[in-house]
Amino acid sequence: MKKLINDPQDVVAESVEGFGLAHADLVTVHLDPTFVVRAGGRVPGKVGLVSGGGSGHEPLHAGFVGVGMLDAAVPGAVFTSPTPDQIAPAIAAVDAGAGVLTIVKNYTGDVLNFETAAELADADGTTVRQVLVNDDVAVEDSLYTAGRRGVAGTVAVEKIAGAAAERGDDLDAVAAVAQRVVDNVRTMGLALTACTVPHVGRPSFDLADDEIEIGIGIHGEPGRHRVGLEPADVLTEKLLTPVADDLGLARGDRVLLLVNGMGGTPTSELYVVYRRARALLSERGVEVTRSLVGNYVTSLEMQGASVTVLRLDDELTALWDAPVRTAALRW
Amino acid sequence: MKKLINDPQDVVAESVEGFGLAHADLVTVHLDPTFVVRAGGRVPGKVGLVSGGGSGHEPLHAGFVGVGMLDAAVPGAVFTSPTPDQIAPAIAAVDAGAGVLTIVKNYTGDVLNFETAAELADADGTTVRQVLVNDDVAVEDSLYTAGRRGVAGTVAVEKIAGAAAERGDDLDAVAAVAQRVVDNVRTMGLALTACTVPHVGRPSFDLADDEIEIGIGIHGEPGRHRVGLEPADVLTEKLLTPVADDLGLARGDRVLLLVNGMGGTPTSELYVVYRRARALLSERGVEVTRSLVGNYVTSLEMQGASVTVLRLDDELTALWDAPVRTAALRW
Amino acid sequence: MTLDAAWAVDWVRRSAATVAEHRDELVELDRQIGDGDHGENMNRGFRAVVAKLDALDAPPASVGDVMRLVATTLMSTVGGAAGPLYGTAYLRASKSGAATALGSDGVVALLEAALDGIVTRGRAHEGEKTMVDAWTPAVAAAVDAADHGAPPSAVLAAAARGAHEGAAATVALVATKGRASYLGERSAGHLDPGARSSELILRAAAEAAAAAD
Amino acid sequence: MTLDAAWAVDWVRRSAATVAEHRDELVELDRQIGDGDHGENMNRGFRAVVAKLDALDAPPASVGDVMRLVATTLMSTVGGAAGPLYGTAYLRASKSGAATALGSDGVVALLEAALDGIVTRGRAHEGEKTMVDAWTPAVAAAVDAADHGAPPSAVLAAAARGAHEGAAATVALVATKGRASYLGERSAGHLDPGARSSELILRAAAEAAAAAD
Ligand SMILES: Nc1ncnc2c1ncn2[C@@H]1O[C@H](COP(=O)(O)OP(=O)(O)O)[C@@H](O)[C@H]1O
Ligand SMILES: Nc1ncnc2c1ncn2[C@@H]1O[C@H](COP(=O)(O)OP(=O)(O)O)[C@@H](O)[C@H]1O
Ligand SMILES: [Mg+2]
Ligand SMILES: [Mg+2]
Ligand SMILES: [Mg+2]
Ligand SMILES: [Mg+2]
C-alpha cells in the first residue's frame, strides 16, 4: 500500500488538522472529539446544518462547511460513521436557537450514530430534525436491503439546504426543502479500480484488469455486477439511464447534472462522461440548466465516476445559485 | 489500461467539448484548431493572457480561463505541446489592442511551438511578450539540461498575472509581475505511481510497490531518484527542503504554500502533506499567509504530490486575493 | 458458583485480546461483503475499553459497572454500525447485570438484555445475516442450559457454542440488513463479520467463566 | 540520375509507412527517457501528411513543393519538440529543393538545409543526445559520398547509414537537451527516440531513391 500518510491511525486527525490550518478563514477545527465548524461561531437565529460520516469521501463533508452550506461536519474514521460523542457536541456548537438539521447518508452506521446523537442533543434541549439522503439507484430493492445509499446527491442536499438556512428559513422549511432535493435526486456510479483503506492495507475488492464494477457505493463496497471494458459513452449510458428512468424524467424537465469523480479519475475523463450524459439527456428532451463536474464525493483514490441528476424547479435553482463560500465549493 | 474514454485519439476533443458545455457561462470552446477563450469576447484595452501546453494536466490551463485569470488556453494532445496553428489564433482571439502575454512552461516543445506562434502573431501585428515558468527545483543543473521545468508554480503565475491584467496594467507591467512570480516560486514533486497516457496504453514508468519517485515532472517523466516507502512527514521534508533552500527563505518571510495533487491522490493526503510542510516552514520562521491545496496541475491519474512555495510581498498578496472566476479557481 | 465483577473484567480483557488477535480476519470478512473496517473498529473500541479499565482507581464494584464502562466506551470509539449496536447491547446488559454477582438466571438475563438491545437498535430479525444470527441461538442455548440446571460457566459455554453455530450459518444467508445487503445474492457464501465478532466475544465470556470456576 | 517530385512523394509515403510501423517502438523509447509520445506524435503528423497528399488535385511540381507540404502539416499536427524541429527541417529543405530535379549536390544541399533548420530551432549541438546526433553524421556521410562522385541514391544510402550509426551512438550519451536531460545520468543506456525517427526517415529517403533508380 502506497499512501502519503504517516501512521494509518492518525490519518484522519492529521488531515483534518491540515485542513483547518489551510482554511482558517472558513472553518475552525476541533480535535478530540473531532469535528469542524464554520469560522466565526453561531449565526444568531439561523438553523444549524450538520452533516458527517466516515472519512475518505473528501471534500465531503468538511469541504462544504462555510457560508451558505454546512455549519458543521463530523468526520469518522475512514469509511466508518462518526460516534455520537463527536456528533452531539457538533450539534450543540451550531445550535443558535433555531434548531439543527442533520443531513445523514443512509447507511446503518450513520443512521444509528446520528440517531443516538440526536437523542443526546434533544436531552440537552436542542430541537433536531434529520433528513436521510438515499439517492443511489444501484440499490434496487429497498425491501431486501438497508435501503438506498446516500452518495453524490448529498452535495446538492447540503448546498440547497444550506442556502435555505442562510436566507433565514425556519427548521421546518429547511428540512422540507432538503427533503425535496432528496426526492428529486438520483445517482449511479461505477469503479475502474478499488480503493485501499489505510488500516486495511489492501484493495477493498478485487477487480480484474478488464473488468468494471457497476453500481458501487462510496465505501469501496463492491457493486451489483461487473462488465467488461467498454467505451466511456457506453458506460455513461449504463449510469444515466437508470438515473433518468428512476426519476421519471420527462420532456421539458430542467435538471442539474453532476458528474462526480471517485478521487482517482482525471477530471478530463469526467468531462468525457459529462459530454455523453448531457447528450443522452438532450435526446430525452431534458434540459441541463446547471452543472457540476469534479471530485466532490470520493472513495479515497478509487478510479471511477458517478452521474447524479437533480430535477430542478425555480426555487431549487435559485437556492443552488445562492452564494456559497466553502473550501470545496464557492461562487 | 482502464480509462473513462472512448477512442484515445478523441479524448482531448471530447473532454474539451464537455468542458465547454459544462462551463458555458465562463468559456467558449473552439474546436479545430482547439482552444478555449473567456466567454464574452475580448475585454477592450485589457492585456490578453494566453497559456497552454499538453493536455493531461487538468484543470491547467482551461480550468483557469475566466475573469481575473487567463483569456485563452490552448490544449495540445496529451503531454504534447499544442501547435502554432492552435496558439496563433488563440492569441489573435484575445488581442484587444493592448498586446498579449503568453505564459509558457519551460519545455523544449512548448517553447518552440509558442515561439513560432508568436512569430506568426507578430507578423499579424499583435505585440506578444512571453514569460517562461521554470519553478521545478528537481532539475538541478540547468547547464546540463533543457533548464528547469514549469510545473505547479504556473498556477500562481497565471492567477497573479491575470489579476494584474484585469486591473488594467499594461503589457510591460503584466509581464514584469509575472516574471516576479517566476523569480519567487519553486516546486518539487514526487510520485507514488506512474500515469498511463491513453495513446501509450501502459504506465509512463515502472515503479516497484515499495518505491517512490522523487523529483518527477508533470509529464509522467521519471524523476531524478527513487526512495523506499517512507511516512508522509519524511517525504514532505524531501520536497519542502530543496524548495525552501533554493528560494533562500529567511525568517520573517511570508509565503503562499501550494500543495498540489498529481490527479490520483485523495485530497485528505494532500492535507497531511500540507500540515507537515507548514510545520517545517514555521520551524524556519516563515509565515504561511496564503494557502492552496488540491489538484491543480496534474499528470492524469498519477498518485503523488508537489509542494510549491511562493515568496509574497504586499502587491503579490493583493493580486492573489483579487477576485477570480474560473472553472477551477474562484473567489 | 456465581460470576462477579472480576469475571466481567476478565471477560472484557479476553474480548479485547481475541478481537485484537482476529482483527485482520474480521477486516477481511468485512472487506468481502462490506467496507473492511469491522476488525479495525472493534479493535479500536476494545483497546479503548482496556485503557479505561487500566486507568480505574478502584476495581469496578459490579458486573453492571463493567458493562456500562464497555457500553459508553464502545459507543464513543467504534462508530459504524457495530458501535451503536454493541454499545446498546452492553448498556442493556449493564442494567440487567446491576447485581454484584450473577447466577445462571442472571447470566441468561444479561444475554437476553444484550440481544434485546441489538434488536431494538438495529431492527434486524433472525436470518438477515447480521450479528443477531449469532446472538439469537446463543441466547436460546443459554436459556436451555439454565433450564437444565447448568451453572453459569456452562450456560456461557452453551451460549458460545450457540453463537458459533449461528455465525457459521450466516455463510449461506443473503444479507437484507447492513452494508452486505447492497450486494444482494453476492453476499451469500461469506461469513458475516459482526456474527463472527459476536461469537468471539461470547467465547471470551465462557473462557473467563471457566477460568473463574 | 536525378531525383524529382515523384521521388519526394514516394519518400514521404515511405516515411509515413515506416513511422506507422515503428510507432510503438518510438513510443517505448520515449517512454523510457521522455514522456512516451514521440511515436504517436510522428504517426499523427505523417498520417496527416499522407491525407493531404491524397487530397491534392495535381501531383506536386517540385521536391520543394512536397517538402513545404510536409513542413506545414507536421508543424500544425505534431506538436511537442519534434513538431517545430521537423517542421523547420522540411521548411528549410523546401527552400533548398526548389528545383524540379536534384542531383547529388542538390541532395546534399537539401540534407544540409534540414540539419541547419533543426539546429537553428533547437539550439542543440552534437553529443546532446537528440536527433542532431543522427542528422550530423548523415550529412557528413552524404557530403563524403557526393565528393566521391556517388549518384543521388548512393548519397542517400550513405546518409541513411550515417544516421543509423549516429542514432546507435546516442545510447551511450547523457542527454543535455530535451526532456531526457531531466534524467541526468539515468538517460544513458537508451536510444534517443528523435534520433531513431530521423534514421527511419532517412532510410525511407534512400529506399525511395533506390526504387527510382
Ligand atoms: N441492522 C443491523 N442489525 C444488527 N446488526 C447489524 C445491522 N447492520 C449491520 N449489522 C452488523 O454490523 C456488522 C458490520 O459492522 P461494521 O463493519 O463495524 O460497521 P459498518 O457496516 O458501518 O462498516 C455486520 O457484519 C452486521 O453483523
Ligand atoms: N533542443 C533539441 N534539439 C534537437 N532535437 C531535440 C531537442 N529537444 C528534443 N529533441 C528531440 O525531440 C525528441 C522528442 O520528441 P517528442 O517526444 O515528439 O517531443 P516532446 O519531448 O516534447 O515530448 C527527442 O528524442 C530529441 O531527439
Ligand atoms: Mg464502515
Ligand atoms: Mg511530449
Ligand atoms: Mg464495515
Ligand atoms: Mg515525447
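Owing to the predicted nature of the structure, the values given are computational and were not obtained by experimental measurement.
Contact annotation: the side chain of B:T108 never approaches that of D:R179 to less than 4.5 Å [non-hydrogen atoms, C-beta and beyond]. Between D:T77 and B:T83, the closest side-chain pair of non-hydrogen atoms is not below 4.5 Å. Within the 4.5 Å cutoff, side-chain heavy atoms of B:T80 are placed close to those of D:R44.
Qualifying side-chain contact (heavy atoms from CB on, under 4.5 Å) partners for B:Q303, counting only residues two or more places apart in sequence or in other chains: A:E301, B:L192, B:T193, B:T265.
For a residue to count as touching a neighbouring chain, one of its non-hydrogen atoms must lie under 4.5 Å from one of that chain's; by this rule B:Y107 touches chain D with backbone and side chain alike. For chain B, the nearby part of D:N41 is the side chain; its heavy atoms alone come within less than 4.5 Å. Using a 4.5 Å cut-off between heavy atoms, D:A175 touches chain B through its backbone atoms (N, CA, C, O) alone. Looking at D:V78, the atoms closer than 4.5 Å to chain B (heavy atoms on both sides) all sit in the backbone: N, CA, C or O.
Closest approach of D:A81 to B:L112, counting heavy atoms only: O-CD1, 4.1 Å. Of all heavy-atom pairs spanning D:S181 and B:A146, the tightest one is OG-N, 2.9 Å.
With rounding to the nearest 0.5 Å, the separation of CD in B:E115 from CZ in D:R121 is 5.0 Å. Going from atom NE2 of B:H219 over to atom OH of D:Y182 covers 8.5 Å, rounded to the nearest 0.5 Å. For the atom pair D:S76 OG and B:N113 CG, the distance stands at 10.5 Å (nearest 0.5 Å). Rounding to the nearest 0.5 angstrom, the gap separating the CG atom in D:D35 from the CZ atom in B:F205 is 12.5 Å.
Of all residues in residues 128-136 of chain B, none places a non-hydrogen atom less than 4.5 angstrom from a non-hydrogen atom of chain D. Along residues 10-34 of chain D, the residues that come nearer than 4.5 angstrom to chain B, judged on non-hydrogen atoms, are D:R23, D:V27, D:E28, D:R31, D:Q32, D:G34 in order of number. Contacts from residues 4-17 of chain B to chain D, taken as heavy-atom pairs separated by less than 4.5 Å, involve B:Q9 in sequence order.
Counted within 6.0 Å of CG on D:D54, heavy atoms from surrounding residues, nucleotides or ligands total more than 12; the atom is thus considered enclosed. Summarising the local packing, CG of B:D32 is surrounded by 12 or fewer heavy atoms from other residues, nucleotides or ligands at distances under 6.0 Å.
Of the listed residues (B:P33, B:P203, B:P82, B:G54), the greatest number of heavy-atom pairs within a distance under 4.5 Å of chain D belongs to B:P203.
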